[in-house]
Asker: 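Handing you a structure now.
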Amino acid sequence: MRAQKAEGTKDLIGRDMRAWQRMQRVAAEVFEPFGFEAVETPAIEQLDVFVHGIGTSTDVVRKEMFRVFSGANLARVLGEGTDACLKPKQRLALRPEGTAGVVRSVVENNLVPQGGTPFKAWYAEAMFRGERPQKGRLRQFHQVGIEWLGAPDPAADAECIIMLMELYRRLGFDLSQLRLLINSMGDPACRPAYREQVRSFILDHADEMCDECRERAEVNPLRAFDCKNDRCREVMREAPLMRDHLCDDCRDHYEQVKRYLDAAGIAYVEDPTLVRGLDYYTRTVFEVEAPGAGVGSIGGGGRYDGLVELEGGKPTPGVGFAVGFERAMLALEAFGRPLADEPAPRVYVANAGADLRGEVFGITRELRAAGIVTEADYQGRSLKSQFKQADKLGAAIVCVIGGDEMAAGAVRVRDMRSHEEELVSRDTVVEAVHARL
RNA sequence: GUGGGUGUAGCCCAGUUGGCUAGAGCGCCGGGUUGUGGUCCCGGAGGUCCAGGGUUCGAGUCCCUGUACCCACCCCA
């Protein structure tokens with residue numbers, strides 16, 4: 001059997017790879033003026049970084065985490081059926097999202113000392129989740145995102161959203177085709193009481209709801225808002241909303257975020273049932289949908305003022321977001337605006353005889369040294385088929401070197417679009433090509 | 001974890017109630033007189049029909065098992 005890729009993985013080749021590179025480039029152009037620097041944290045972390053940060057009630061941690069074991073430890077795990085024998089450092093996992101690892105790094109390196117300058121970083125990395133793959137959902141996928149630590153002001157929340165929408169715009173989205181949902185999840189001052197209300201609400205209506213939601217009541221009641229079951233949705237429509245139970249500080253924060261968004265001309269929809277799947281969020285949460293594109297949300301984020309403490313650091317506010325590369329690409333395609341290719345102009349240097357390949361070799365070196373993307377024949381093809389190949393490569397110019405040209409100390413330069421040809425002297429080839437590109 | 005689908009040339013696929021020396025289109029390679037592309041014409045190469053087992057005179061076609069990938073549910077980017 002031929003070798004095959006692992007389930008839920010994808011090779012980034014050609015067009016796909018160019019799109020990923022393009023996305024990283026656009027991300028840098030959008031984020032860096034806001035003061036964000038690129039970072040890369042390890043794809044592999046101690047399991048606890050994710051367990052503590054993302055939360056044990058989330059599906060991400062409960063069933064989607066890729067655990068990593070060395071060969072020797074794997075044998076012990078399989079042999080004894082328990083991971084009690086594993087030391088903490090051997091409890092490893094692949095990152096399922098970007099925030100926890102960055103926060104771990106900030107804590108470990110003390111990058112935001114008490115009251116210090118905020119830490120602002122962006123990343124473009126592969127993430128790993130052990131789910132069953134489907135459209136727009138891979139086991140290894142890519143996200144670009146930012147993390148901003150040490151900035152409690154609602155302007156930071158708003159600027160994150162502004163950057164997020166600007167990223168979409170620069171990727172080619174028509175923002176009127178996207179939907180930005182926002183909500184506030186409250187904070188430790190108001191959420192526990194609200195959470196308790198939702199819990200008892202669900203328990204009061206337990207007989208009308210699905211098994212899973214009854215379980216959610218205890219584990220993570222707010223997620224019942226996400227249930228797809230029609231009856232549950234019906235019931236939850238009457239459930240108390242965080243919006244109506246925010247403490248004064250949270251309400252004020254939320255109002256200010258909205259004012260900043262209004263001032264920036266960002267269109268949004270308030271969704272009081274928006275509940276994101278990671279436990280660390282506080283106050284502002286947001287999500288971007290591409291209605292009709294057939295993929296879920298294409299990005300989202302929010303504030304996580306408690307996360308640094310969960311990772312063992314001093315209390316430090318944080319806010320950030322991530323965009324799913326593959327989903328964003330699917331949405332762009334669905335809207336008929338795939339991320340455009342940017343083919344660099346190419347030059348093809350053709351030989352009219354195998355004995356002239358030494359000369360071709362020299363000319364290609366000169367062109368490449370001048371920064372021009374240059375190709376030639378490496379298969380001993382006829383001149384005719386060299387032209388065919390040049391055409392397939394999208395060459396804008398073909399240089400021909402043959403017996404006549406050699407005798408005249410010249411090179412023939414053909415413009416493939418205009419079909420014009422000129423004979424230029426051998427030592428001015430680079431200039432002649434440059435002039436026609 | 002649950003359900004459904006698919007696996008035949010490089011690619012997208014056809015292969016009818018089992019009889020094939022396994023096909024089309026696209027792509028690829030070569031040629032269409034002396035050194036020139038995209039169109040057109042001619043020719044050509046290329047396949048352990050996912051794997052293993054079974055039924056049969058005979059299996060790409062039927063049965064079983066395995067495996068891979070895709071899609072959906074759940075959840076999420």
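The structure presented is a predicted model; accordingly, all values stated were derived computationally and were not measured. Order of the sequence lines fixes the chain letters, A, B, ..., with proteins taken first and strands second; residue numbering starts at 1 for each chain.
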Asker: Looking only at atom P, what distance separates B/C50 and B/U34, rounded to whole Å?
Answerer: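 So the two P atoms sit 46 Å from each other.
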Asker: Send over the distance from A/Lys388 NZ to B/C40 P, rounded to a whole Å.
Answerer: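 Rounding to the nearest Å, NZ of A/Lys388 and P of B/C40 are 11 Å apart.
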Asker: Does the side chain of A/Asn351 reach to within under 4.5 Å of the side chain of A/Glu359, using non-hydrogen atoms?
Answerer: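 No, too far: nothing below the 4.5 Å cut-off.
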Asker: Between B/G1 and B/A22, how far is it from one P atom to the other, in whole Å?
Answerer: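 Their P atoms lie roughly 41 Å apart.
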Asker: Looking at A/Gln134, I'd like to know whether one of its side-chain N or O atoms comes within less than 4.0 Å of OP1 or OP2 on B/C73.
Answerer: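 Yes, because at least one side-chain N or O of A/Gln134 sits under 4.0 Å from OP1 or OP2 of B/C73.
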Asker: With both distances under 3.5 Å as the test, what is the Watson-Crick or G-U wobble partner of B/G35?
Answerer: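 Result: none.
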Asker: Ignoring hydrogens and geometry beyond distance, is the side chain of A/Arg137 in donor-acceptor contact with the base of B/C74 at under 3.5 Å?
Answerer: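 Such a pair exists between side chain and base.
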Asker: From CE of A/Met65 over to P of B/C75, roughly how many Å is that when rounded to an integer?
Answerer: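 Taking atom P of B/C75 as the reference, CE of A/Met65 is at 18 Å.
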Asker: Of the nucleotides B/U2, B/C74, B/G38, which one has an atom closest to the side chain of A/Asp391?
Answerer: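 The listed nucleotide nearest to A/Asp391's side chain is B/G38.
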Asker: Starting at atom CE of A/Met23, determine the distance to atom P of B/A77, rounded to an integer number of angstrom.
Answerer: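 Rounded to the whole Å, the gap is 14 Å.
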Asker: For B/A77, does OP1 or OP2 lie under 4.0 Å from any side-chain N or O of A/Gln143?
Answerer: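 A/Gln143 to B/A77 OP1/OP2: no side-chain N or O under 4.0 Å.
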Asker: Taking atom C1' in both B/G31 and B/G37, what distance in whole Å separates the two?
Answerer: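 Nearest-Å result for B/G31 against B/G37 at atom C1': 16 Å.
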Asker: Does A/Gln140 reach a base, just sugar-phosphate, or nothing at all? Heavy atoms under 4.0 Å.
Answerer: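 Nothing, no nucleic acid heavy atom in range.
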Asker: When we call it a touch if two heavy atoms are under 4.0 Å apart, what does A/Glu421 touch: a base, just sugar-phosphate, or nothing?
Answerer: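 Base contact.
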Asker: With both distances under 3.5 angstrom, what nucleotide forms a Watson-Crick or G-U wobble pair with B/C73?
Answerer: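 Paired with B/G1.
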Asker: Where each residue is assigned the nucleotide of RNA chain B containing its nearest heavy atom, which of A/Phe387 and A/Lys384 is assigned the position nearer the 5′ end?
Answerer: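 Residue closer to the 5' terminus by nearest nucleotide: A/Lys384.
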Asker: Base, sugar-phosphate, or nothing: which does A/Ala6 touch, judged by heavy atoms less than 4.0 Å apart?
Answerer: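 The answer is sugar-phosphate, as A/Ala6 gets under 4.0 Å only of primed atoms, P, OP1 or OP2.
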Asker: In whole Å, measure the gap between the P atoms of B/A14 and B/U8 for me.
Answerer: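 After rounding to an integer number of Å, I get 10 Å for this pair.
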Asker: I need the CZ-P distance between A/Phe225 and B/C75, as an integer number of Å.
Answerer: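 So the two atoms are 14 Å apart, to the nearest Å.
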Asker: With sugar-phosphate meaning primed atoms plus P, OP1 and OP2, does A/Gly8 contact a base, only sugar-phosphate, or nothing at under 4.0 Å between heavy atoms?
Answerer: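 Result for A/Gly8 = sugar-phosphate.
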Asker: Pick the C1' atom in B/G10 and in B/G19, then give their distance to the nearest Å.
Answerer: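 Those two atoms are separated by 30 Å.
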Asker: For B/A68, what is the paired nucleotide under Watson-Crick or G-U wobble rules, both distances under 3.5 Å?
Answerer: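 Partner of B/A68: B/U6.
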Asker: Should A/Arg132 be listed as having a side-chain N or O under 4.0 Å from OP1 or OP2 of B/G1?
Answerer: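 The answer is no; no side-chain N or O of A/Arg132 sits under 4.0 Å from OP1 or OP2.
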Asker: In whole Å, what is the span from the CZ atom of A/Arg139 to the P atom of B/C74?
Answerer: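 Answer to the nearest Å: 18 Å.
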Asker: With a 4.0 Å cut-off on heavy atoms, is A/Ser382 in touch with a base, just the backbone sugar-phosphate, or nothing at all?
Answerer: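 Contact class for A/Ser382: sugar-phosphate only.
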Asker: B/C74, B/G37, B/G35: which one has an atom nearest the side-chain heavy atoms of A/Lys63?
Answerer: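 The answer is B/C74, which lies nearest to the side chain.
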Asker: For the side chain of A/Gln46 and the backbone of A/Arg91, is there at least one donor-acceptor N/O pair under 3.5 Å apart?
Answerer: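 Flag not set: sc A/Gln46 to bb A/Arg91 has no pair under 3.5 Å.
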Asker: Would you call A/Arg436 and A/Glu420 a salt bridge, taking side-chain N to carboxylate O under 4.0 Å as the test?
Answerer: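 The answer is yes: the pair qualifies as a salt bridge.
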Asker: Is A/Ser385 close enough to B/G37 that one of its side-chain N or O atoms is under 4.0 Å from OP1 or OP2 there?
Answerer: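 Answer no for this pair, as no side-chain N or O of A/Ser385 is under 4.0 Å from OP1 or OP2.
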Asker: Please confirm whether any donor atom in the side chain of A/Glu131 sits under 3.5 Å from an acceptor in the base of B/G1, or the reverse.
Answerer: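 Under the 3.5 Å cut-off, the side chain and the base do not form any donor-acceptor pair.
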Asker: A/Thr282 versus A/Arg303: any side-chain heavy-atom pair under 4.5 Å?
Answerer: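 Side chain of A/Thr282 against side chain of A/Arg303, heavy atoms only: contact under 4.5 Å found.
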Asker: Taking atom P of B/G7 as reference, at what distance in whole Å does atom CD of A/Glu7 sit?
Answerer: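 Going from CD in A/Glu7 over to P in B/G7 covers 18 Å.
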Asker: Could you tell me whether A/Arg414 contacts a base, only the sugar-phosphate backbone, or nothing, with contacts defined as non-hydrogen atoms closer than 4.0 Å?
Answerer: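 The answer is base, as A/Arg414 lies within the cut-off (heavy atoms under 4.0 Å) of a base atom.
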Asker: Listed by chain and number, what are the salt bridge (charged side-chain N to carboxylate O under 4.0 Å, His left out) partners of A/Glu64, not counting sequence neighbours?
Answerer: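 In terms of salt bridge (charged side-chain N to carboxylate O under 4.0 Å, His left out), with neighbours along the sequence ignored, A/Glu64 is linked to no residue.
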Asker: If we take the C1' atom in both B/C62 and B/U17, what is their distance in whole Å?
Answerer: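 B/C62 and B/U17 have their C1' atoms separated by 11 Å.
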Asker: Establish, from distance only, whether the side-chain atoms of A/His253 and A/Asp157 form a donor-acceptor pair under 3.5 Å.
Answerer: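 Yes - a donor-acceptor pair under 3.5 Å links their side chains.
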Asker: So what's B/A45 paired with, Watson-Crick or G-U wobble, going by both distances under 3.5 Å?
Answerer: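 Pair assignment: B/A45 / none.
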Asker: Are there more than 12 heavy atoms of other residues, nucleotides or ligands under 6.0 Å from atom CZ of A/Arg365?
Answerer: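 No - once you tally the heavy atoms of other residues, nucleotides and ligands closer than 6.0 Å, there are 12 at most.
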Asker: Show me the side-chain donor-acceptor pairs of residues 95-102 of chain A shorter than 3.5 Å, one per line, residues at least two apart or across chains.
Answerer:
{"from": "A/Arg95", "atom 1": "NE", "to": "A/Ala126", "atom 2": "O", "distance (Å)": "2.7"}
{"from": "A/Arg95", "atom 1": "NH1", "to": "A/Thr41", "atom 2": "O", "distance (Å)": "2.8"}
{"from": "A/Arg95", "atom 1": "NH1", "to": "A/Pro42", "atom 2": "O", "distance (Å)": "3.1"}
{"from": "A/Arg95", "atom 1": "NH1", "to": "A/Glu125", "atom 2": "OE1", "distance (Å)": "3.2"}
{"from": "A/Arg95", "atom 1": "NH2", "to": "A/Ala126", "atom 2": "O", "distance (Å)": "3.2"}
{"from": "A/Glu97", "atom 1": "OE1", "to": "A/Thr99", "atom 2": "N", "distance (Å)": "3.3"}
{"from": "A/Glu97", "atom 1": "OE1", "to": "A/Tyr280", "atom 2": "OH", "distance (Å)": "2.5"}
{"from": "A/Glu97", "atom 1": "OE2", "to": "A/Thr99", "atom 2": "N", "distance (Å)": "3.3"}
{"from": "A/Glu97", "atom 1": "OE2", "to": "A/Ala100", "atom 2": "N", "distance (Å)": "2.8"}
{"from": "A/Thr99", "atom 1": "OG1", "to": "A/Glu147", "atom 2": "OE1", "distance (Å)": "3.4"}
{"from": "A/Thr99", "atom 1": "OG1", "to": "A/Glu147", "atom 2": "OE2", "distance (Å)": "2.8"}
{"from": "A/Thr99", "atom 1": "OG1", "to": "A/Tyr280", "atom 2": "OH", "distance (Å)": "3.4"}

Asker: Starting the side chain at C-beta, find the nucleotide from B/G38, B/G35, B/C70 nearest to A/Glu405.
Answerer: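 Taking heavy atoms from C-beta onward, the closest nucleotide is B/G35.
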Asker: Using the C1' atom in both, what is the distance from B/U2 to B/G23, to the nearest Å?
Answerer: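 Pairwise C1' distance, B/U2 against B/G23, rounds to 39 Å.
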Asker: Compare the aromatic ring of A/Phe325 with the six-membered base ring of B/A77 and state whether they stack according to the 5.5 Å and 30° rule.
Answerer: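 Stacking between A/Phe325 and B/A77: absent.
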Asker: With syn defined as a glycosidic torsion within 90 degrees of 0 and anti otherwise, which applies to B/C13?
Answerer: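 Here the answer is anti: the torsion falls beyond 90° from 0.
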Asker: Looking only at atom P, what distance separates B/G4 and B/C28, rounded to whole Å?
Answerer: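 To the nearest whole Å, 41 Å.
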Asker: Is A/Lys392 close enough to B/C28 that one of its side-chain N or O atoms is under 4.0 Å from OP1 or OP2 there?
Answerer: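 For A/Lys392, the contact criterion (side-chain N or O under 4.0 Å from OP1 or OP2 of B/C28) is met.
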Asker: Provide, to the nearest angstrom, the distance between the CG atom belonging to A/Leu138 and the P atom belonging to B/C69.
Answerer: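 Going from CG in A/Leu138 over to P in B/C69 covers 12 Å.
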Asker: Rounding to a whole Å, what distance do you find between A/Leu423:CG and B/U36:P?
Answerer: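 One finds 16 Å between P of B/U36 and CG of A/Leu423, rounded.
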Asker: Want to settle it: does A/Ala395 or A/Gly296 sit nearer the 5' end of RNA chain B, counting the closest nucleotide to each?
Answerer: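 Its nucleotide being nearer the 5' end, the pick is A/Ala395.
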